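Naming: A, B, ... by sequence-line order, numbering from 1 per chain. Everything quoted here is computed from the prediction, not taken from an experiment.
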Protein chains: 2
Amino acid sequence: MDISTLRLFVEVMRRQSFTKVAKTDRMAPSSVSRAIASLETELGTRLFQRSTRKLEPTEAGLRYFERVAPLLEELTEAGMMVADSVGRPKGTLRVSAPTVFGQMFLMPVVSELHQKYPDLTVELLLNDAYVDLVGERIDVAIRLGTLSDSSYIARRVRTIKYYICASPEYLKRQGTPTTPQGVARHECLLFPRGEYSLSWLFRDAAGNVEEVQIRGRCLITNSESIRQCALSGMGLALLPDWLIEPDIESGKLQTLFDDYEVTATDYDSAIWILQPSRAYVPLKARVFVEHFLD
Amino acid sequence: MDISTLRLFVEVMRRQSFTKVAKTDRMAPSSVSRAIASLETELGTRLFQRSTRKLEPTEAGLRYFERVAPLLEELTEAGMMVADSVGRPKGTLRVSAPTVFGQMFLMPVVSELHQKYPDLTVELLLNDAYVDLVGERIDVAIRLGTLSDSSYIARRVRTIKYYICASPEYLKRQGTPTTPQGVARHECLLFPRGEYSLSWLFRDAAGNVEEVQIRGRCLITNSESIRQCALSGMGLALLPDWLIEPDIESGKLQTLFDDYEVTATDYDSAIWILQPSRAYVPLKARVFVEHFLD
DNA sequence: TCCATTTATGCATTTTACGCAAAACATAAT
DNA sequence: ATTATGTTTTGCGTAAAATGCATAAATGGA
């Protein structure tokens, strides 16, 4: 019995399709079919009840899956453990991160790692949708904002400070608001995340919170695009420090209300490093986190 | 990576030799060598430091072994679990038992199982030396006497009663002893187990214990041979009930001191069923135990 | 009834595994 | 030192198995 056969079995269980698994594993569907069939004859039981349109795990298949899947996890862990004993990270590291953040801060880390460790391959999965770390076999993930699920090991890197900002050209044209309530009279670039974010919260040094209703005709669910709009003088925007720091330094954006703490949500926002909780954290993951934190 | 490769690795770790493993697995030593080599390249580390005369596990090899060996156990367990879900026992059952006991009581069980379950193979390992259940992958073992090690699941079947016995011809010729001390004047057939057994202990109905020094010029470490000697009228023998029951019924042997409890050791002796302690006891093992207990 | 989709199978090709023989090699004995 | 011995490794030819493609079969929905 081959371990790759067992991995295929687990994948088919997860994806509920031979062809899908075959596609992502770059093999012929017939190979998957044959692999499962061989496993079935070896075990002496049918693992899936399958027709051309449906693929349904057998009772026995489910039980086998529940026992085998964690064993495969541990097996790869054990393999990585001994592989790491040579001292140099190797193999493939899968990193998940928000698109823009990854482009800005992870690309340098990746190239650095590539230079330093020639046996290491890095897969950078940049997308802003939720991804299941264990399901997608992610080693390290960067998350922004507040964490929802946390069956993972989470490490808070730092708090994100949000700035109200605009281009100097816009401020010269429309004037610079001096009080929080003054913002309400400005055109604002909004990130419509669900229910809230039609108001911004201003917390002054004394801790007093003031909520200001926001007006704006441009709502985009992509902070990079909002930044572009702000740069072109379309209005005020509330953007995270990491995104606009270069623009502030170059003077292309100007920040307002620096001595306030401004947020669109009432949660505090941070940069997080997530890792799937497992007994052994592979060297490649440790090295990546190290380099990311500088 | 093949699971059989991992099994080979574990076996080599246990046996500390490529050739020995190859021999018991009926394959060429070169195949073992290549299997280990492939595993090493896959992991990127050397697992054994080997010369032509020595085979020494690497630090990494030892760590890998410690993690992988139990995983393989669990993997086979999982396989058996689903295989058992079809209801009929199948595969190979490995049973260990003392030689004579096995010949007398296990052969019928085996043939019964063979008839009832055509997909079941039984390996009956009859030897009187100590065997390591997990190392030898034994499913069920029958042990007689007192248990020493017990990291296993032990089940006491029944107490063994020992009888002083002799052939009628011998008793007619030499006379029948009527008191325990009378035994001392007889020629006795002895089983020299280590230090003790040069005296027999008589416990009467009231619980009083009397120790009698035994004299005998025939010492054999095989109870079946002692039985043969007793049958041929060479003297008194202390033998377990299960061994001489047919002889008693047929009248070829006659028992003495039936209302005493006679032993050669001060421990009480019993028939035990042992099973390696594991999360899942395979159906074939359960069925064997059932049939053995009638 | 037909269509779209998915699994299974036949077949040809490539790849891999296997065992034998011989070599390489380290240790023990002479 | 030299030989002897048992063990791992390698070369090589054969055998077996895996793979992909093309195609068939089957099924549920339009």
*Is there side-chain contact between B:Pro57 and B:Gln16, with at least one heavy-atom pair below 4.5 Å?*
yes
*Please tell me if the side chains of B:Glu224 and B:Thr99 come closer than 4.5 Å, counting only heavy atoms from C-beta onward.*
no
Take atom [atom1] of [X] and atom [atom2] of [N], then tell me their distance rounded to the nearest Å.
X: B:Met1; N: C:dA17; atom1: CE; atom2: C1'; result: 17 Å
X: A:Gln49; N: C:dT6; atom1: CD; atom2: P; result: 18 Å
X: B:Leu47; N: D:dT8; atom1: CG; atom2: P; result: 15 Å
X: B:Phe48; N: C:dA26; atom1: CZ; atom2: C1'; result: 19 Å
X: A:Arg15; N: C:dT7; atom1: CZ; atom2: P; result: 12 Å
X: B:Asp2; N: D:dA17; atom1: CG; atom2: P; result: 13 Å
X: B:Glu56; N: D:dT8; atom1: CD; atom2: P; result: 14 Å
X: B:Leu55; N: C:dA26; atom1: CG; atom2: C1'; result: 13 Å

*Return the 5'-most residue of the pair A:Met27, B:Lys23 with respect to DNA chain D, ranking by each residue's nearest nucleotide.*
B:Lys23
*asked:* Please determine whether a side-chain nitrogen of the Lys or Arg among B:Lys116 and B:Glu290 lies less than 4.0 Å from a carboxylate oxygen of the Asp or Glu.
replied: no
*Salt-bridge test for A:Lys284 and A:Asp119: reply yes if a basic N is under 4.0 Å from a carboxylate O, no otherwise.*
no
Would you tabulate the nitrogen or oxygen pairs shorter than 3.5 Å linking the protein to nucleotides 27-30 of chain D?
| unit_1 | atom_1 | unit_2 | atom_2 | d |
| --- | --- | --- | --- | --- |
| D:dT27 | O4' | A:Thr52 | OG1 | 2.5 |
| D:dT27 | O2 | A:Thr52 | OG1 | 3.4 |

*Please state whether the rings of B:Phe65 and B:Phe9 are parallel, tilted or perpendicular, taking 30° and 60° as the class boundaries.*
perpendicular
*Give the ring-plane orientation class for A:Phe105 versus A:Phe101, where under 30° counts as parallel, over 60° as perpendicular and anything between as tilted.*
tilted
*CZ of A:Arg14: more than 12 outside heavy atoms within 6.0 angstrom?*
yes
_I'd like to know whether NZ of B:Lys20 has more than 12 heavy-atom contacts from other residues, nucleotides or ligands below 6.0 angstrom._
no
*Quick one: which of B:Val32, B:Val10, B:Ile36, B:Leu39 gives a side-chain contact (heavy atoms from CB on, under 4.5 Å) with B:Thr5?*
B:Leu39
Pairs under 3.5 Å (N/O, protein and nucleotides 9-15 of chain D):
| unit_1 | atom_1 | unit_2 | atom_2 | d |
| --- | --- | --- | --- | --- |
| D:dT9 | OP1 | B:Arg50 | NE | 2.3 |
| D:dT9 | OP1 | B:Arg50 | NH2 | 3.4 |
| D:dT9 | OP2 | B:Ser33 | OG | 2.7 |
| D:dT9 | OP2 | B:Arg50 | NE | 3.1 |

